[in-house]
S.K.: 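Sharing a structure below in structure tokens format, with a few things to ask.
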Amino acid sequence: MAFDPTGGLIYHWRAARFAKTLWNPFRAALETWLSNWTPPERKLIVVGAGGGYMLPPAFLSRFDAVLAVDIDPVARLIFRRRFRSIGISIQCDGRDYFRFPGTSAAPFQDLLRREPVAAVLFSNIWGQVGFLAENDIERDAMFRFWEQELPRLLAGRSWASYHDRYSGPGETAEDRPFVSGRRLAGEALILRFCNAGTAGVWTDHLAGRLFPEAATYAYFLWRLTPRSVHIIEGVNRPCARHDIFRETL
């Protein structure tokens with residue numbers, strides 16, 4: 001657990017070092033995006049709470065209660081301490097709902113049934129769950145399974161997700177977030193942020209296949225470390241206003 005491929009102590013160390021410096025442009029852009037997602041529900045389930053480093057207190061304070069779901073006990077502890085002063089009820093859930101792909105959605109479905117009037121925020125979890133798979137075959141099965149199950153599970157409630165689409169070591173030419181009326185993929189997306197001659201191998205985190213192609217997508221650049229960057233995709237329901245990220249495609 002300390003060195004889990006989806007987070008663990010290395011992630012918390014990076015957060016302590018970079019959250020208020022290198023990560024700040026992404027955090028600011030994400031705050032703007034979240035401020036325009038206005039679910040009517042008064043409770044929020046944060047799946048992949050991760051210590052809450054990316055989540056602004058002002059956003060969480062719009063809810064009466066938050067359920068922070070994360071398999072990392074350190075992340076849950078940090079999340080609770082980080083937001084204990086904003087005056088909302090915070091509960092934590094350490095169960096693993098995604099490690100065994102392609103078998104059953106029942107555990108996650110049971111969670112949603114216990115919280116029938118809660119909105120769901122997938123907090124950078126879908127770009128990481130693939131690393132829990134043992135090989136490419138299992139990883140593909142995982143995403144095919146959740147691609148089929150998520151629409152059914154999330155029907156009738158507000159949801160949002162921001163997740164890794166690609167990661168790589170390349171230099172970036174443009175950090176500015178932008179919005180697209182369709183889901184972007186491959187070179188077309190990478191080149192929106194990076195020079196055509198950027199060296200390095202980009203990793204596809206596969207999360208883009210989980211959500212409808214015809215939707216309003218927001219894209220951000222997250223400089224995870226001085227040598228690595230992640231292209232983050234955001235999508236939600238109900239549709240948010242993205243006036244601040246004007247884009248002509």
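No experiment lies behind these values; they were computed from the predicted model shown. Numbers here simply count residues along the sequence, with the first being 1.
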S.K.: Are I88 and L60 packed together at the side-chain level, in the sense that at least one heavy-atom pair is separated by less than 4.5 angstrom?
M.R.: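 Sidechains of L60 and I88: in contact.
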S.K.: Restricting to non-hydrogen atoms, name the atom on R114 and the atom on Y97 that form the minimum distance, rounded to 0.1 Å.
M.R.: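 Distance-wise, the nearest heavy atoms are NH2-OH, 3.4 Å.
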S.K.: Can you tell me how far the OG1 atom of T216 sits from the CZ atom of R237, to the nearest 0.5 Å?
M.R.: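 Taking OG1 in T216 and CZ in R237, the distance rounds to 13.5 Å.
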S.K.: Start with the C-alpha distance between S228 and T225, add both sets of side-chain angles, then the distance that settles side-chain hydrogen bond (donor to acceptor under 3.5 Å, both in side chains), and finish with yes or no.
M.R.: CA-CA 5 Å; S228 63; T225 73; 2.8 Å; yes
S.K.: Report the distance from atom CZ of F59 to atom CG of L121, rounding to the nearest 0.5 Å.
M.R.: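 These two atoms lie 5.5 Å from each other.
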S.K.: Strictly by modelled atom types, are S123 and Y162 linked by a side-chain donor-acceptor pair under 3.5 Å?
M.R.: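 There is such a pair (donor and acceptor under 3.5 Å, judged by atom type) between the side chains of S123 and Y162.
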S.K.: Less than 4.5 Å apart, any side-chain heavy atom of F26 and any of D175?
M.R.: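 They are not in contact (no side-chain heavy atoms under 4.5 Å apart), so the answer is no.
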S.K.: Supply the atom-to-atom distance L150 CG to L210 CG, rounded to the nearest 0.5 angstrom.
M.R.: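 With rounding to 0.5 Å, CG (L150) is 6.0 Å from CG (L210).
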S.K.: Suppose we call two aromatic rings close when their centres sit under 6.0 Å apart. Are Y11 and Y53 close by that rule?
M.R.: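 Yes, close enough.
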S.K.: Using side-chain heavy atoms (C-beta onward) and a distance below 4.5 Å, is P25 in contact with R223?
M.R.: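 Not touching, per the 4.5 Å side-chain cut-off.
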S.K.: Output every pair passing salt bridge (Lys or Arg N to Asp or Glu O under 4.0 Å) with a member in residues 27-48, not counting sequence neighbours, ordered by first then second residue.
M.R.: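 Residue pairs passing salt bridge (Lys or Arg N to Asp or Glu O under 4.0 Å), neighbours aside: R42-D64, K43-E115.
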S.K.: Compute the ring centroids of H230 and F193, then answer whether they are less than 6.0 Å apart.
M.R.: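 When the ring centroids of H230 and F193 are compared, they turn out to be at least 6.0 Å apart.
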S.K.: Search all heavy atoms of G234 against all heavy atoms of F220 and return the closest pair with its distance.
M.R.: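 The pair with the smallest heavy-atom distance is N-CE1, 4.3 Å.
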S.K.: Do I90 and L77 sit in one hydrophobic cluster, given that two such residues count as connected whenever their side-chain heavy atoms are within less than 4.5 Å of each other, even indirectly?
M.R.: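 No, because I90 and L77 fall into different hydrophobic clusters, even though each may have its own neighbours under 4.5 Å.
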S.K.: As a quick check of understanding, evaluate side chain to side chain contact (heavy atoms under 4.5 Å, CB included) for W37 and S158, giving each step before the final call.
M.R.: CA-CA 9 Å; W37 179 50; S158 302; 4.1 Å; yes
S.K.: Would you call D93 and R76 a salt bridge, taking side-chain N to carboxylate O under 4.0 Å as the test?
M.R.: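 No, D93 and R76 are not salt-bridged.
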S.K.: Determine whether W23 and L224 make a side-chain contact, defined as any pair of heavy atoms from C-beta on separated by less than 4.5 Å.
M.R.: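 Answer yes - side chains close enough.
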S.K.: Do the side chain of R183 and the main chain of G208 share a donor and acceptor less than 3.5 angstrom apart?
M.R.: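 Side chain of R183 to backbone of G208: a pair is present.
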S.K.: Using the rule ring pair (Phe, Tyr, Trp, His ring centres under 6.0 Å), only one of F143, F122, F108 pairs with F98; which is it?
M.R.: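 When ring pair (Phe, Tyr, Trp, His ring centres under 6.0 Å) is applied between F98 and each of F143, F122, F108, only F108 qualifies.
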S.K.: Closer than 3.5 angstrom, by distance alone: can the side chain of R139 be matched with the main-chain N or O of G130 as a donor-acceptor pair?
M.R.: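 Confirmed, R139 side chain pairs with G130 backbone.
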S.K.: Working to the nearest 0.5 angstrom, can you tell me the gap between F63 CZ and L44 CG?
M.R.: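 Rounded to the nearest 0.5 Å, the CZ-CG separation comes out at 4.5 Å.
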S.K.: Using 0.5 Å steps for rounding, measure from the NE2 atom of H163 to the CD1 atom of I232.
M.R.: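 Going from NE2 on H163 over to CD1 on I232, the span is 8.5 Å.
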S.K.: Is the shortest heavy-atom distance from the side chain of F79 to the side chain of D70 under 4.5 Å?
M.R.: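 Of all side-chain heavy-atom pairs linking D70 with F79, none is under 4.5 Å.
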S.K.: Which heavy atom of S104 sits nearest a heavy atom of F145, and at what distance?
M.R.: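 Distance-wise, the nearest heavy atoms are C-CZ, 3.6 Å.
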S.K.: Given side chains that start at C-beta, do those of P177 and W33 come closer than 4.5 Å, heavy atoms only?
M.R.: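 Contact flag for P177/W33 side chains = no.
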S.K.: Hey, does W126 have a side-chain heavy atom less than 4.5 Å from the side chain of V47?
M.R.: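 A side-chain contact is absent here, since even the closest heavy-atom pair is not under 4.5 Å.
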S.K.: One pair to check against side chain to side chain contact (heavy atoms under 4.5 Å, CB included): D110 and R113. What are the steps and the verdict?
M.R.: CA-CA 5 Å; D110 289 344; R113 285 176 174 169; 4.1 Å; yes
S.K.: For the side chain of R82 and the backbone of G52, is there at least one donor-acceptor N/O pair under 3.5 Å apart?
M.R.: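 Between the backbone of G52 and the side chain of R82 there is a qualifying donor-acceptor contact (under 3.5 Å).
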S.K.: Ignoring hydrogens, what is the shortest heavy-atom contact between G51 and I78? Give both atom names and the distance.
M.R.: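 Shortest heavy-atom contact: O-CG2, 3.6 Å.
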S.K.: For the pair D164 (side chain) and Y166 (backbone), establish whether a donor and an acceptor sit closer than 3.5 Å, ignoring hydrogens and angles.
M.R.: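 Flag not set: sc D164 to bb Y166 has no pair under 3.5 Å.
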S.K.: Does the side chain of Y217 come under 3.5 Å of the side chain of E233 through a donor N or O and an acceptor N or O?
M.R.: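 No donor-acceptor contact under 3.5 Å links the two side chains.
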S.K.: Does the side chain of S89 come within less than 4.5 Å of V66's, by heavy atoms?
M.R.: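 No, their side chains stay 4.5 Å or more apart.
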S.K.: Looking only at non-hydrogen atoms, find the nearest pair between A49 and A68 and report the distance.
M.R.: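 Here A49 and A68 meet closest at CB-CB, 3.7 Å.
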S.K.: Evaluate the side chain to side chain contact (heavy atoms under 4.5 Å, CB included) criterion for residues L112 and I45: first the C-alpha distance (whole Å), next the side-chain angles of each, then the deciding distance (0.1 Å), finally the verdict.
M.R.: CA-CA 9 Å; L112 297 180; I45 303 171; 4.1 Å; yes
S.K.: Checking R192 against F178: charged group under 6.0 Å from the ring centre and within 45 degrees of the axis?
M.R.: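 Ring-cation test returns yes.
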S.K.: Identify, with sequence neighbours excluded, every residue that meets salt bridge (Lys or Arg N to Asp or Glu O under 4.0 Å) alongside E149.
M.R.: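 With neighbours one apart ignored, the set is R152.
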S.K.: Could you tell me whether R144 and D140 have a side-chain N and a carboxylate O separated by less than 4.0 Å?
M.R.: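 Counted as a salt bridge, because a side-chain N and a carboxylate O are separated by less than 4.0 Å.
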S.K.: Looking only at non-hydrogen atoms, find the nearest pair between A105 and L153 and report the distance.
M.R.: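 Nearest heavy atoms, A105 then L153: CB-CD1, 4.1 Å.
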S.K.: Between atom CG of L206 and atom CZ of F131, what is the distance when rounded to the nearest 0.5 Å?
M.R.: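 Reported to 0.5 Å precision, the distance equals 8.5 Å.
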S.K.: Taking CZ in R81 as the centre, count heavy atoms belonging to other residues, nucleotides or ligands within less than 6.0 Å. Is the count above 12?
M.R.: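 No, not enclosed.
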